Amino acid sequence: MAPRPLSPLVLALGGAAAVLGSVLFILWKTYFGRGRQRRWDRGEGWWGAEPARFPEWDEWEPEDEEDEEPELEELEQREVLVLGLDGSGKSTFLRVLSGKPPLEGHIPTWGFNSVRLPTKDFEVDLLEIGGSQNLRFYWKEFVSEVDVLVFMVDSADRLRLPWARQELHKLLDKDPDLPVIVVANKQDLGEAMSVVELQQELGLQAVATQREVFLLAASIAPAGSGFEDPGTVHIWRLLLELLS
Ligand SMILES: Nc1nc2c(ncn2[C@@H]2O[C@H](COP(=O)(O)OP(=O)(O)OP(=O)(O)O)[C@@H](O)[C@H]2O)c(=O)[nH]1
Ligand SMILES: [Mg+2]
């Protein structure tokens, strides 16, 4: 039997997916590409809360660009990709690291979200890509572009743990040399799995002997007040160590 031609709908959907993938990749390159000049302020919510500000025409003097490097370019950049299923706590992690209070409730990231944090020796760009199912498809395109991957897991989400495991292993397979920090988030919740359990359930025991994979417990934004969690500080310290 002769092969059936693809239906126009399948072709259209395939085309749309390819276009979205390309757009994400171009945005990544423009936004984070090493050596490129960043001429606009970047906020926490590139795609969401705080839109990027492009220079006005009368502010733009191309000659000046040659002579004077903007101060931002003087420090080297390190790039960290923050991935994980939707609701695992990626945006919250970026907010807390940049000194902002966590938002009430879950506001899904429909694209990218980023922060840039200066350190003494370099600047750290943390990029979150939303964890909804349609965006997960594009994650793998970005892992080879970064210095470290942070993979966020909701320790209390037992039902979706197999999905988290599957996505994590796809990323591990994609770049065997990439250092990975797996964050066992939401440890404050009663039903949260322990780190030992998660190590088993995420299939990390065998992997850890072959490459740099760290599993850290955290409660990035514990429910209720008065709960001090050192988890975020531990993740940040480990990140700095891996990026140095
Ligand atoms: N109890 C508890 N809730 C947390 C913790 N960290 C984050 N959350 C909550 O989890 C929800 C989802 O967090 P987000 O940071 O928006 O999740 P996300 O991974 O960015 O999700 P997407 O953008 O949809 O991929 C929010 O209501 C957070 O307040 C934690 O340590 N403990
Ligand atoms: Mg988010």
Side-chain angles (χ1 to χ4, degrees), residues 20-21 24 27-28 31-32 42-51 80-117 125-143 146 148-161 163-168 170-171 180-195 197-198 202 215-236 238-239:
L20 177 57
L24 284 175
L27 284 170
W28 159 271
Y31 204 47
F32 278 96
R42 293 185 310 142
E44 182 265 346
W46 185 90
W47 203 284
E50 294 167 23
V80 176
L81 190 57
V82 183
L83 300 177
L85 298 191
D86 45 309
S88 54
K90 301 179 296 297
S91 298
T92 309
F93 178 55
L94 265 58
R95 281 188 72 84
V96 170
L97 276 184
S98 47
K100 295 179 184 169
L103 292 173
E104 294 279 321
H106 175 207
I107 300 172
T109 303
W110 299 112
F112 291 117
N113 177 29
S114 75
V115 290
R116 171 176 287 180
L117 301 174
D125 286 330
L126 292 116
L127 176 88
E128 169 200 5
I129 305 178
S132 58
Q133 211 170 351
N134 55 340
L135 287 168
R136 285 178 219 159
F137 178 77
Y138 301 105
W139 287 355
K140 61 183 183 310
E141 305 302 329
F142 299 86
V143 284
V146 297
V148 176
L149 168 67
V150 172
F151 191 88
M152 197 69 69
V153 176
D154 179 341
S155 310
D157 192 356
R158 289 171 187 264
L159 210 60
R160 295 198 304 160
L161 200 68
W163 274 269
R165 175 186 172 133
Q166 192 182 47
E167 294 297 342
L168 173 61
K170 274 191 220 165
L171 299 168
V180 178
I181 303 176
V182 180
V183 179
N185 193 27
K186 307 198 188 182
Q187 287 290 315
D188 58 298
L189 298 178
E191 62 274 32
M193 282 172 274
S194 69
V195 170
E197 204 178 340
L198 279 166
L202 289 170
L215 177 60
L216 295 188
S219 303
I220 308 280
S225 56
F227 186 106
E228 285 288 322
D229 178 63
T232 314
V233 177
H234 288 156
I235 302 165
W236 179 244
L238 178 57
L239 265 178

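In listed order, ligands and their atoms are each counted from 1. The structure presented is a predicted model; accordingly, all values stated were derived computationally and were not measured. Atoms considered below: every heavy atom in the structure, side chains included; atoms not considered: hydrogens, waters and symmetry mates.
- Nearest heavy atom pair, residue D188 against residue S219, reads N-OG, 3.1 Å.
- Contact residues of ligand 1 (protein heavy atom closer than 4.0 angstrom to a ligand atom; sorted by chain and number): L85, D86, G87, S88, G89, K90, S91, T92, L103, G105, H106, P108, T109, E128, G130, G131, N185, K186, D188, L189, S219, I220, A221, P222, A223.
- Side-chain contact, S114 with E128: no donor N or O sits under 3.5 Å from an acceptor N or O.
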E197 vs R158, salt bridge (charged side-chain N to carboxylate O under 4.0 Å, His left out): CA-CA, chis, key distance, verdict: CA-CA 11 Å; E197 204 178 340; R158 289 171 187 264; 3.1 Å; yes

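- At distances below 3.5 Å, not a single donor-acceptor pair connects side-chain atoms of R116 with backbone N or O atoms of D125.
- Across every non-hydrogen atom of Q187 and A217, the tightest pair is CG-CB, 3.9 Å.
- The backbone N or O of G84 lies less than 3.5 Å from a partner atom in the side chain of K90, making a donor-acceptor pair.
- The side chain to side chain contact (heavy atoms under 4.5 Å, CB included) search around R160 returns L85, D86, R136, D157, not counting sequence neighbours.
- E104 CD: 12 or fewer foreign heavy atoms inside a 6.0 Å radius.
- Ordered by chain and number, S91 OG, T109 OG1, E128 OE2 make up the set of protein N, O or S atoms under 2.8 Å of the Mg ion (ligand 2).
- Listed by chain and number, the residues in a side chain to side chain donor-acceptor pair (under 3.5 Å) with S88 amount to none (sequence neighbours excluded).
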